[in-house]
Amino acid sequence: TVTPVRGQDGSITHFIAIKQDITERKDAASKLQQAQEQLRQAQKMEAVGRLAGGVAHDFNNLLTAILGYCNFLEASLERDDPRLQDIKEITASANRAAGLTRQLLAFSRSQILAPKVLDLNSVIENMEKMLRRLIGEDVDLSLSLDPKLQRTKVDAGQMEQVIMNLVVNSRDAMPQGGKLTIESRNVVLDAASPGRHDLIPVGRYVMAAVSDTGCGMDEKTKSHLFEPFFTTKGQGRGTGLGLSTVYGIVKQSNGYLWVYSEPGKGSVFKIYLPATEESPEPLDQGSAGAADLRGSETVLLVEDDESVRHLLRRVLSQNGYTVLQARTGGDALQTFEHRAKEIDLVVTDVVMPEMGGRLLVDHL
C-alpha cells in the first residue's frame with residue numbers, strides 16, 4: 001500500500017510505501033478453496049448415489065421377476081419349440097440390464113459385500129493373464145508389486161472388478177498403444193506427509209495404482225469422472241458406469257480414490273485401502289453345486305415387492321418347501337410370534353420400508 005504525506009500547505013511532500021508478503025495467505029486461501037470444492041464434489045456424489053441406488057433397487061426387482069418367469073417358461077417348453085429362442089433373447093437382454101443395475105448399486109454403495117482379510121497382490125496376480133488378453137498386444141502391461149505389502153480387508157471379487165474397470169479405462173485412453181502399470185505400496189499418511197490429499201484421513205494404507213501413458217484428461221473431465229453415465233467415449237462404446245462402479249466399491253470398502261491426469265500426459269488412479277494386522281483368509285475357490293435342491297422344511301419369506309415375493313414363493317413351493325409369506329418386517333414378526341416352532345429358515349429382502357432385513361434378523 002502507498003500513502004501520501006502532505007505538508008502544512010496541503011501539498012504532497014513524500015510517500016510512504018508498505019510492502020507485505022502475502023504468499024502464505026494466498027496459498028492458504030487457495031488450499032481452502034480447493035478443499036471446499038472437493039467437499040462440494042463429494043456431497044454431489046452422495047446425492048447422485050442415493051438417487052441411483054433407489055432407481056437400481058426398484059429396477060432390480062422388476063428384472064428379477066422378468067428373469068424368473070422366463071425360466072419358468074423355458075422349463076415348460078420342449079427343446080424343439082421355436083419360442084425358446086424368443087425366451088432366450090428376452091433373458092439375454094434382461095441379464096444385460098441386470099448388469100447395469102449391479103453397477104448402479106455398486107456406485108450407490110448398496111452392494112452386499114463379503115470382505116475378507118487378504119493380500120491385494122494375490123488378487124492382482126491372479127488377474128494378470130486375463131488382463132493381458134483384455135488390453136491387447138499393443139499395450140505393454142507391467143506389474144510393480146511390493147512383496148511386503150500389508151493386508152487389507154475387502155471383497156476380493158469386487159476388487160477384481162475395480163482393477164479390471166481401471167485397466168479397461170486406461171486401455172481405451174491408449175487407442176494407439178502405450179504402457180500400463182499396476183503397482184502396490186504400503187503408505188503411511190500423517191498431517192506432515194508431502195502431497196497428502198486433503199480428503200484422505202491420516203493412517204496406514206495399502207495403495208494400489210493403475211497408471212497409463214494415454215491421452216489424459218482436463219480439469220472439466222476430471223470433475224465429472226465418477227458420475228454415472230458420464231463418458232468421453234463415442235455413442236455405443238461405453239455405458240459410463242465403469243468408473244462410477246469403481247468409486248462405489250472403493251467407498252463401500254472404506255477406501256479413498258485419488259486421480260492425477262493432464263491432457264497428453266496420461267493418468268494415474270490411486271486407491272487407498274485401510275491396512276490391517278489381521279491374519280489373511282484364503283480366497284474362496286467356489287463350492288460344488290447342490291446335488292438336490294428339494295426339501296420339506298418351512299420357510300418364512302419376507303419381501304415387500306409383490307412380483308418378487310410371488311416368484312420366490314413359486315420356486316420354493318415347486319421344490320417341496322412350505323412357504324409362509326410376509327410383506328414387511330412387522331408382518332414377519334407377527335407370523336414368527338405365532339408360528340416360530342414351525343419355521344426352519346427365514347429368507348428376507350434387505351431393503352424394505354419401516355424395517356429392513358438386517359433389523360428384522362436382529363429382532364428374530
Side-chain angles (χ1 to χ4, degrees), residues 45-76 86-114 155 157-158 161 227-229 239-242 244-245 247-249 251-252 293 295 298-319 321-336 343 345-364:
M45 296 294 277
E46 288 291 332
V48 174
R50 286 193 294 271
L51 174 63
V55 171
H57 176 70
D58 291 342
F59 197 51
N60 211 37
N61 283 339
L62 297 173
L63 290 170
T64 298
I66 291 170
L67 287 166
Y69 286 107
C70 278
N71 287 337
F72 287 141
L73 281 173
E74 186 175 359
S76 68
D86 296 338
I87 294 172
K88 288 180 179 178
E89 289 296 333
I90 296 171
T91 301
S93 296
N95 277 323
R96 286 196 294 272
L100 296 180
T101 62
R102 281 194 295 272
Q103 289 177 298
L104 282 174
L105 287 169
F107 170 73
S108 64
R109 302 178 229 173
S110 302
Q111 291 267 72
I112 303 299
L113 302 185
D155 184 310
Q158 294 298 312
Q161 184 75 40
E227 295 175 10
F229 305 114
T239 62
L241 286 171
S244 60
T245 301
Y247 175 88
I249 293 172
K251 289 294 184 180
Q252 195 172 355
L293 298 178
T298 297
V299 177
L300 173 58
L301 173 63
V302 193
E303 168 62 61
D304 61 305
D305 187 281
E306 186 175 6
S307 60
V308 175
R309 189 170 68 253
H310 289 172
L311 172 69
L312 296 176
R313 180 202 56 78
R314 182 170 169 183
V315 171
L316 290 166
S317 297
Q318 286 184 351
N319 281 278
Y321 295 93
T322 299
V323 182
L324 306 177
Q325 299 182 71
R327 189 180 63 84
T328 67
D331 293 343
L333 288 177
Q334 289 184 0
T335 301
F336 195 85
I343 297 171
L345 179 72
V346 177
V347 176
T348 178
D349 189 12
V350 176
V351 181
M352 295 184 292
E354 300 176 17
M355 180 185 295
R358 295 181 187 277
L359 185 57
L360 169 63
V361 169
D362 288 341
H363 280 294
L364 292 179

Worksheet item: What are the two closest heavy atoms between F336 and I343, and how far apart are they?
Response: CD1-CD1, 3.7 Å

Distance-only donor-acceptor pairs under 3.5 Å for side chains of residues 87-97, two or more places apart:
from : atom 1 : to  : atom 2 : distance (Å)
E89  : OE2    : Q85 : NE2    : 3.2
T91  : OG1    : I87 : O      : 2.9
S93  : OG     : E89 : O      : 3.2
S93  : OG     : R96 : NH2    : 3.2
N95  : ND2    : T91 : O      : 3.2

Worksheet item: Partners of D305 by side-chain hydrogen bond (donor to acceptor under 3.5 Å, both in side chains), sequence neighbours excluded?
Response: S307

Worksheet entry | Atom pair CG (L364) and CG (L359), whose distance is rounded to the nearest 0.5 Å | 9.5 Å

Discussion item. Give me the atom names and distance for the closest heavy-atom approach of S76 to L73.
Written reply: OG-O, 2.7 Å

Discussion item. For a 4.5 angstrom cut-off between non-hydrogen side-chain atoms, does H363 reach M355?
Written reply: yes

Worksheet item: Where do V361 and V346 land on the side chain to side chain contact (heavy atoms under 4.5 Å, CB included) test, with the steps shown first?
Response: CA-CA 9 Å; V361 169; V346 177; 5.7 Å; no

Fill in: E306 atom CD, neighbour heavy-atom count above 12 within 6.0 Å
no

Worksheet item: Would you say V315 and Y321 make side-chain contact, with heavy atoms under 4.5 Å?
Response: no

Let me have the donor-acceptor pairs involving side chains of residues 61-71, under 3.5 Å, with sequence neighbours excluded, atom names and distances please.
from : atom 1 : to  : atom 2 : distance (Å)
T64  : OG1    : N60 : O      : 2.8
N71  : ND2    : L67 : O      : 3.4

Considering only distance and modelled atom types, tabulate donor-acceptor pairs under 3.5 Å from the side chains of residues 324-334, sequence neighbours left out.
from : atom 1 : to   : atom 2 : distance (Å)
T328 : OG1    : G330 : N      : 3.4
T328 : OG1    : D331 : N      : 3.1
T328 : OG1    : D331 : OD2    : 3.4

Worksheet item: Distance from Q318 atom CD to R313 atom CZ, nearest 0.5 Å?
Response: 9.0 Å

Worksheet item: Excluding sequence neighbours, so at least two apart, what forms side-chain contact (heavy atoms from CB on, under 4.5 Å) with D349?
Response: H57, E303, D304, M352

Worksheet item: How long is the span from the CG atom in L360 to the CG atom in L300, to the nearest 0.5 Å?
Response: 7.5 Å

